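Down below is the structure, laid out as structure tokens.
Throughout, a chain's letter reflects where its sequence line sits, starting with A, and its residues are numbered from 1. Note that these values count all heavy atoms, side chains included, but never hydrogens, waters or copies made by symmetry. Source: prediction; values computed, not measured.
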Protein chains: 4
Amino acid sequence: MKQSPRVLGRPRHDENAKPTKDIVLETATRLFIKEGYKNISMDDVAKACNVTKATIYYYYPTKGELYTSALIAMMDRIKLSILQILEQPKPFKERLQQLVEVHLSATIDIDMKNFMKEATINLSESQLRQVQASENDMYQTIERTMQVEMENGTIRKGNAKFFAHNFMALMTVGYLKDGDGKPLLGAVDKTAKEVTNFFWLSVQNNH
Amino acid sequence: MKQSPRVLGRPRHDENAKPTKDIVLETATRLFIKEGYKNISMDDVAKACNVTKATIYYYYPTKGELYTSALIAMMDRIKLSILQILEQPKPFKERLQQLVEVHLSATIDIDMKNFMKEATINLSESQLRQVQASENDMYQTIERTMQVEMENGTIRKGNAKFFAHNFMALMTVGYLKDGDGKPLLGAVDKTAKEVTNFFWLSVQNNH
Amino acid sequence: MKQSPRVLGRPRHDENAKPTKDIVLETATRLFIKEGYKNISMDDVAKACNVTKATIYYYYPTKGELYTSALIAMMDRIKLSILQILEQPKPFKERLQQLVEVHLSATIDIDMKNFMKEATINLSESQLRQVQASENDMYQTIERTMQVEMENGTIRKGNAKFFAHNFMALMTVGYLKDGDGKPLLGAVDKTAKEVTNFFWLSVQNNH
Amino acid sequence: MKQSPRVLGRPRHDENAKPTKDIVLETATRLFIKEGYKNISMDDVAKACNVTKATIYYYYPTKGELYTSALIAMMDRIKLSILQILEQPKPFKERLQQLVEVHLSATIDIDMKNFMKEATINLSESQLRQVQASENDMYQTIERTMQVEMENGTIRKGNAKFFAHNFMALMTVGYLKDGDGKPLLGAVDKTAKEVTNFFWLSVQNNH
DNA sequence: TATGAATGAGACTTCATTCAT
DNA sequence: TATGAATGAAGTCTCATTCAT
């Protein structure tokens, strides 16, 4: 049962080790993404980090707080990655395609709706507000670019928020597997092309 | 303590009353859709049905079984409703729009990905297979029509399954609310139009 | 470790057995009186009742609720016993003395201040209100008699509530043990006499 | 996370600052009196002192030891204050009244029975003995004076220990509040008078 | 057909205590 | 002198499930 008997008290400091707090957050994020809030217990997180539950609580006062932090950290990372890709001096369509490709490569299905639903049900109001703000931020990064490209005339005029959410929704379809568990549309790059193309056909400007 | 004293023994049979088994299934479906598998306890279901937990177990041997039945019943109903709409002698685009409209009117966000995720995590393999079969059935109803319309030349050639999932994904964006909790695109009919249009621009055949 | 392996489900009904709910309440009351709220765990109560924790929760939704019920039941019993003694057609002083005697005979030190302090700290507001109401009831039983005897001229005029609380405070001194653990004033009847006398000297009417 | 970033290492020594050990003891005493042993955690004490838990442990090896020290310190202080008041060259009744007044002014209800109960349950035997010795000391201070006044003929002959405990028991009734939270007998001086008078009527010598 | 009573496992959380620095 | 990091044990509560009636 005992995995690796740990000692009480402060562990001797290992110079190039990641701080436990970060390990916990990363591990928790991964687990929550894969299995959701209610299916992951604090003990699961602890075991995956090879520390005890109490250690988790030393850094995060409640499970809700840990989930909140995990979600926000995740969204921040996604937002950054989106930003970096969208800021490149490339045709818009190519940037979108790269966006899809990068995200499909992450292999974990990052389905925002799911997270937000679990957040709504399980978090406190203040935690929920934080998460919502973070989600909003993330989407706005895309929205703003959509807006710019509308003004450029690259894509047709429309509701930028609607476009952004549609894009993300289509993106998650890219994870779709067929009966045998193989990606429906083939390799990641091909899938990304198909997904982007589907979106593009809808938003491109035909004058 | 006693909340609503129920009579002991077998209740007198009310001719127009729905069988308990059906009440349980409907109630459970509603609750599971709204809050998910792990957030709804057998007691929650029992209370909402105004019976005891033991009664639920009389009809459904496990929670997983109840969830399975609820999901399948729901998908069957959706499938039927999809079928009825898609079979009508109307232009394809109009049928799609009606599809969206009907589903947005149901007000509960029926997000398949969510259900399937929870199913994957919480159900037994055999239960999961049943649910997957049912999901497949439901999508195939749309896929087949897509296929037909591709052959008709109404929409462009492409992967019908991919199209079907894209359509459903875009549909759930229709539930999107802005910061104030108001639908992003206005009333249901307007939203349905926008959503359908977005999809249509992507799939229409331009020869 | 296992005390007596119990079976799942509903136990066969034993005709002349006390209902579990009552057993729980009585046991809990005894334990809480002896050790206080925080020192008794739900598991302690369960073990003392030879049932599982879950059974306790089946009857009492929270520990606070169990404590509340226990306190109220106890105070009700005390109030009743007080009432019965005070209603007798005997000189007031004799009734008081019997009161002390009966309560010292119960051997457990029923120190109201203690219970009320723990209640204040650990109960919810609504629970606290219930307990306070019950405490008030109990004291008023004595107060009312004090009032009557003041009007009769048996005891001097004064604040009846103050008198009642003083009486109870002096009563708990009766439990006092010396260094060897022996009652300071000897046997219960002698102690009761001393305590009553102390109170009486203070309240008797000398015209 | 960090609430008030404290500087690392040994803090510069502030000449007029109280030693940490004393601060801890005083703070702990206050908290334990108000909420009791089990309701105050070492972390509570630490936070209230604005130091960390480990610091508390640096000065007091266990929670029981801290409680023991706190109780003893408190009783010592009380004993001293009692002594100073009782040693004055004033009529005994006036001294008693001042005793009540001083203690009611401290506003915190110092209910010995409570502390001794918690001590009995939670302390080790050796700790308990220390506390009992301290309690005994405190009461003996009063007892001795009672003894003297009995011999003087100021008060009637009786069990001095019993008298002392009765006096303290009546004193705590002085904290009594009515339903609105207002002191039952009015301002502190008036209350002290009433309480003393009640005691005095019982013990005074009428020859 | 339906219920009331009970359980065992596991969830979240708290807390006294330890130890390297 | 004081701290930050960590633990193990225990506490409150929830929940799917079982069984006699």
Side-chain angles (χ1 to χ4, degrees), chain A residues 2 5-13 19-21 38-44 46 51-64 66, chain B residues 2 6-11 13 19-21 38 40-46 51-64 66, chain C residues 2 5-13 19-21 38-44 46 51-64 66, chain D residues 2 6-11 13 19-21 38 40-46 51-64 66:
Chain A
K2 291 247 171 135
R6 261 160 283 114
V7 254
L8 268 179
R10 181 179 211 166
R12 221 164 292 130
H13 187 57
T20 305
K21 192 174 181 180
K38 274 287 167 86
N39 287 290
I40 291 299
S41 74
M42 290 302 257
D43 222 17
D44 290 338
V51 295
T52 61
K53 249 187 303 191
T55 301
I56 311 286
Y57 277 96
Y58 180 72
Y59 292 106
Y60 299 92
T62 63
K63 191 186 179 187
L66 177 56
Chain B
K2 292 253 170 126
R6 257 166 282 115
V7 220
L8 275 179
R10 182 179 199 167
H13 186 58
T20 307
K21 190 172 182 180
K38 275 285 166 100
I40 291 297
S41 74
M42 291 302 259
D43 233 8
D44 291 337
V45 177
V51 297
T52 62
K53 245 191 309 200
T55 303
I56 311 284
Y57 276 95
Y58 181 74
Y59 292 108
Y60 300 91
T62 66
K63 189 185 179 188
L66 175 57
Chain C
K2 289 247 169 135
R6 261 161 284 114
V7 255
L8 268 178
R10 180 179 212 167
R12 221 163 293 131
H13 186 55
T20 305
K21 191 172 182 180
K38 272 286 166 87
N39 287 290
I40 291 298
S41 73
M42 291 302 259
D43 222 16
D44 291 338
V51 296
T52 60
K53 248 186 307 192
T55 301
I56 311 288
Y57 277 97
Y58 180 72
Y59 292 107
Y60 300 92
T62 64
K63 190 186 178 187
L66 176 57
Chain D
K2 292 249 170 130
R6 257 165 282 112
V7 224
L8 274 179
R10 182 177 200 169
H13 186 60
T20 306
K21 189 172 182 178
K38 276 285 168 101
I40 292 297
S41 74
M42 291 301 259
D43 233 9
D44 291 338
V45 177
V51 296
T52 61
K53 246 192 306 201
T55 303
I56 312 283
Y57 276 94
Y58 181 75
Y59 292 108
Y60 300 91
T62 65
K63 189 186 179 188
L66 176 57

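What separates OH of A/Y57 from P of E/dA16 is a distance of 17 Å, to the nearest Å. Put simply, CG on C/D43 is 16 Å from P on E/dG10, counting in whole angstrom units. The separation between A/K21 atom NZ and F/dA5 atom P is 9 Å, rounded to whole Å. Per the geometry, CG belonging to A/D44 stands 6 Å off P belonging to E/dA11, to the nearest Å. Atom P of nucleotide F/dT17 and atom OH of B/Y60 are separated by 15 Å, given to the nearest angstrom. In this structure, A/Y59 places its OH atom 18 Å from P of E/dT13, rounding to the nearest Å.
Because its NZ or CZ atom is both nearer than 6.0 Å to the ring centre of B/Y60 and within 45° of the ring axis, B/K21 counts as a cation-pi partner of that residue.
The shortest distance between the side-chain N/O atoms of B/Y58 and the OP1/OP2 oxygens of E/dT1 is below 4.0 Å. Contact between the side-chain N/O atoms of A/T20 and the OP1/OP2 oxygens of F/dA6 is found at a separation under 4.0 Å. Between A/T52 and the phosphate of F/dT7, there is a side-chain N or O to OP1/OP2 separation shorter than 4.0 Å.
One distance of note links CD1 of B/I56 with NZ of B/K63; it measures 12.0 Å at 0.5 Å rounding. Taken to the nearest 0.5 Å, the NZ atom of A/K38 stands 9.0 Å off from the CD1 atom of B/I40.
Taking both residues in full, the closest heavy atoms of B/K53 and B/D43 are given as CG-OD1, 3.4 Å, listed atom of the first, atom of the second, then distance. A pairwise comparison of heavy atoms in A/A46 and A/T52 identifies CB-C, 3.6 Å as the closest pair.
Residue D/A54 is the one, among C/M42 and D/A54, whose nearest nucleotide of DNA chain F lies closer to the 5' end (criterion: closest heavy atom). Toward the 5' end of DNA chain F, the nearer of the two residues D/I56 and B/P61, judged by each one's closest nucleotide, is D/I56. For C/K38 and A/K38, each mapped to the nucleotide of DNA chain E holding its nearest heavy atom, the one lying further toward the 5' end belongs to A/K38.
Base pairing analysis places E/dA20 opposite F/dT3; the two distances defining the Watson-Crick or G-U wobble pair are each below 3.5 Å. Judged by Watson-Crick or G-U wobble contacts below 3.5 Å, the nucleotide E/dG10 has F/dC13 as its partner.
Among the nucleotides E/dA6, F/dA16, F/dT17, the one closest to the side chain of B/S41 is F/dA16. Each of F/dT7, F/dA10, F/dT12 was ranked by its minimum atom distance to the side chain of A/K53; first place goes to F/dA10. In the set E/dA5, F/dT17, E/dC12, E/dC12 carries the atom at the smallest distance from any side-chain atom of A/K63.
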